[in-house]
Protein chains: 2
Amino acid sequence: MHSHSPLNLSRLTAAANCTCFNLRKATRVVTQFFDEKLQPSGLLVNQFTLLVALEQAGSPTMKTLAQILVMDRTTLTRNLKPLLRQGLISVESGQDQRERIVTLTAAGQVALAKAFPLWEEAQQQVIEGLGKEQWQTLLSVLASTVSLMQRNVEIGG
Amino acid sequence: MHSHSPLNLSRLTAAANCTCFNLRKATRVVTQFFDEKLQPSGLLVNQFTLLVALEQAGSPTMKTLAQILVMDRTTLTRNLKPLLRQGLISVESGQDQRERIVTLTAAGQVALAKAFPLWEEAQQQVIEGLGKEQWQTLLSVLASTVSLMQRNVEIGG
DNA sequence: TTTAATTAAGTGTATATACATCTATCATGC
DNA sequence: GCATGATAGATGTATATACACTTAATTAAA
C-alpha cells in the first residue's frame, strides 16, 4: 500500500471541491435537463439562448453578440452554423465590410415562440425544485463569478 | 416597429435569467481561468479533475468512474483519450472482459503532482475573489442542483 | 497616397459533450 | 450446451468550446 503514490487525502478532498469541476458537472446535468424539455421545439438550450439574445439585441455584429453572451468570437461563429442552416437566422455584411450583422429571421421568431413555453416549464421546474430563494442565490453568485473572472482576464491577460 | 415580431419584454427578461444559460456562461469563464492557470502543467482543468478522480477511486471501471463524475459514459471514453495518448492513464480489461479498468500511471501521478499547486492557486484566487462565504454558498447550491437534476432524470427518464 | 498598424471575422485543430447505435461479453433459462 | 436477454463499452454523428493563425477590410501614419 505504500509502494507508490503517497496518497494525500487533504489534496483529494480539496480537489473534490474544485469550483470549476462542480460548475462543469452542474452544467452537464442542467443542460441535459433543458435539452430534453426543449426537444419538441427542435432546439437545444444553447441555440434557444442564442435566438433569445438575438431578439433582444436586434441585429448585432458578431463581436457585439459575442460580448453580450460572454462567448468567444470563434465559438459563436460555430454555434450559429446550425441556426443558419435551419434558416432561423441570417448573416449579412454591414457598412463596414469586415462586420457581419446577425438577424433573427421570421422562421427564427416562430421557432422561438414555439420553444418559449417549453423553456418556461423547465425553468419553473428548476426554480421550484431549488426553492425560489436558493435559485436566486445561485443566479446571484453566478453573476458575481462571471464578473470576477472577467476582471481577472482584463488584469491577468 | 410593429410590422413583425411583437417583442415581448417579459419574455426577454425571463430568458436572460435562464438557469442553464447562466451556468454555461459561468462555466465558460471559469474553465478558461483554470485552464490558463494550469497551462504550465500541460493539463486542461477537465483532464486534471479526471486524474484526481482516478487517484481517489483507485482503479475503477469506466461505468463507475462515469457515475462518480456524473458524466456520460461515452463522454468519458472520449475525455480519457488525450490522457491515454500522453501515457498518464492505462486502460485494461478486467476479469469481466466487458469491463475496462482505468488506472493512473506513474507518469500520471507525476503530472498530477505538478499540476496540483497550480490548481490550488487558481482555486484560492476564486475563493478569495468571491469571498469564502459566497464561495461556499456556490458549491452548496451547485450540489443541490445536481441532486435535483439527477432525481428528475430518474423520475422523468 | 501609399504603407503600416489595427480590427472583424473565419479556419485549422483539439478537446468536451451526449444521443443513437453497434459489438462483445456475461448471465439465465431451457 | 445453446438461445435469449442484459450489460459494458466503443463508434458514428452532431453540437459546444476556444486557442493559434489566417484573411480581408478599415484606419492611421509617413
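Because the structure is predicted, anything quoted here is derived from the model rather than measured. The figures that follow rest on heavy atoms only: side chains count, while hydrogens, waters and symmetry mates do not. In what follows, every chain begins at residue 1, and chains take the letters A, B, ... in the order their sequences are listed.
With a 4.5 Å cut-off on side-chain heavy atoms, A:Leu54 and A:Thr103 do not count as touching. A heavy-atom distance below 4.5 Å is found between the side chains of B:Leu118 and B:Pro40.
At a cut-off of 3.5 Å, with distance as the only test, a side-chain donor of A:Ser144 or B:Gln134 sits close to an acceptor on the other residue. B:Thr27 and A:Thr27 are linked by a side-chain donor-acceptor pair at a separation below 3.5 angstrom, with hydrogens and angles left out of the test. A:Arg100 and A:Thr61 share no side-chain donor-acceptor pair at under 3.5 Å.
In this structure, B:Thr137 contributes its side chain and B:Glu133 its backbone to a donor-acceptor pair below 3.5 Å. Without hydrogens or angle criteria, B:Asn22 side chain to B:Ala16 main chain gives a donor-acceptor distance under 3.5 Å. Remark: the backbone N or O of A:Thr19 is paired with a side-chain donor or acceptor of B:Gln123 at under 3.5 angstrom. Judged purely by atom type and a 3.5 angstrom limit, B:Asn79 has no side-chain atom pairing as donor or acceptor with the backbone of B:Thr74. Formation of a donor-acceptor pair under 3.5 Å by the A:Thr105 side chain with backbone atoms of A:Leu88 is found in this model.
Listed by residue number, the members of residues 67-74 of chain A with any heavy atom below 4.0 angstrom from DNA chain D are A:Met71, A:Asp72, A:Thr74. Interface residues of residues 80-96 of chain B facing DNA chain D, ordered by number: B:Lys81; criterion, heavy-atom separation under 4.0 Å. Taking every heavy atom of residues 42-50 of chain A and every atom of DNA chain C, no pair lies under 4.0 Å.
Among the protein residues, A:Thr61 comes within range of the sugar-phosphate backbone only, with heavy atoms under 4.0 Å from sugar or phosphate atoms but none that close to a base. Contact annotation for A:Arg78: base contact, defined as any heavy-atom pair under 4.0 Å involving a base atom.
Atom CG of B:Asp35 and atom SG of A:Cys20 lie 7.0 Å apart (nearest 0.5 Å).
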Check: protein-nucleotides 2-7 of chain D nitrogen or oxygen pairs below 3.5 Å:
from	atom 1	to	atom 2	distance (Å)
D:dT7	O2	B:Arg98	NH1	3.1

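For A:Arg24 and A:Thr77, each mapped to the nucleotide of DNA chain C holding its nearest heavy atom, the one lying further toward the 5' end belongs to A:Thr77.
For A:Arg28, the side-chain contact (heavy atoms from CB on, under 4.5 Å) partners two or more places apart in sequence, or in a different chain, are A:Phe21, A:Arg24, A:Lys25, B:Met71.
In this structure, CG of B:Asp35 is placed 9 Å from P of D:dA18, rounded to the nearest angstrom.
Follow the hydrophobic side-chain contacts under 4.5 Å out from A:Val141 and you reach A:Val146 in the same cluster. Grouping the Ile, Leu, Val, Met, Phe, Trp and Tyr side chains by contacts below 4.5 angstrom, directly or via other members, places A:Leu44 apart from A:Val102. Taken together through direct or relayed side-chain contacts under 4.5 Å among Ile, Leu, Val, Met, Phe, Trp and Tyr, B:Val110 and B:Leu38 form parts of separate hydrophobic clusters.
When DNA chain C is scanned in the 5' to 3' direction for atoms under 4.0 Å from non-hydrogen atoms of chain B, the outermost contacting nucleotides are C:dT15 to C:dC26.
The phosphate of D:dA24 (OP1 or OP2) has no side-chain N or O of A:Gln97 nearer than 4.0 angstrom.
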